[in-house]
Amino acid sequence: MVLAGERYGTGSSRDWAAKGVALLGARAVLALSFERIHRSNLIGMGILPLPLPLNRRNYSQATQSRSMLR
């Protein structure tokens, strides 16, 4: 699983960005928002893009929490 911020996939090399996530073994990406084409590429690679309904303050707390890494 990958935990990401806003506009995940923006500026990436499109299909290779999704392939890289797949090669790492991730089956899902949790992000505040996704770049449209990258989201489609993730789906095409069998990776589930999940939007997080968190505000920025909660996101920053979640990414700093060690319990998220367990």
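A distance of 12.0 Å separates CD1 in I37 from CG in L42, rounded to the nearest 0.5 Å. Here CG of L52 is found 6.0 Å from CG of L3. Values are rounded to the nearest 0.5 Å. The CE atom of M1 sits 14.0 Å away from atom CG of L24, with the distance rounded to the nearest 0.5 Å. A distance of 4.0 Å separates CZ of R39 from CD1 of I43, quoted to the nearest 0.5 Å.
Put simply, the side chain of S33 gets close to the backbone of R7: a donor and an acceptor are under 3.5 Å apart.
The shortest distance between side-chain heavy atoms of L48 and V29 does not fall below 4.5 Å. Put simply, the side chain of Y8 reaches to within 4.5 Å of the side chain of H38, judged on heavy atoms.
Nearest heavy-atom pair, G46 versus R27, reported as atom, atom and distance to 0.1 Å: O-NH2, 3.4 Å. Closest heavy-atom contact between F34 and P51: CE1-N, 3.9 Å. Across all non-hydrogen atoms, the minimal contact from G5 to A31 is O-CB, 3.6 Å. Between I47 and A26, the closest heavy-atom pair is CG1-O, 3.8 Å.
Residues L50 and M45 do not share a hydrophobic cluster, clusters being chains of Ile/Leu/Val/Met/Phe/Trp/Tyr side chains in contact below 4.5 Å.
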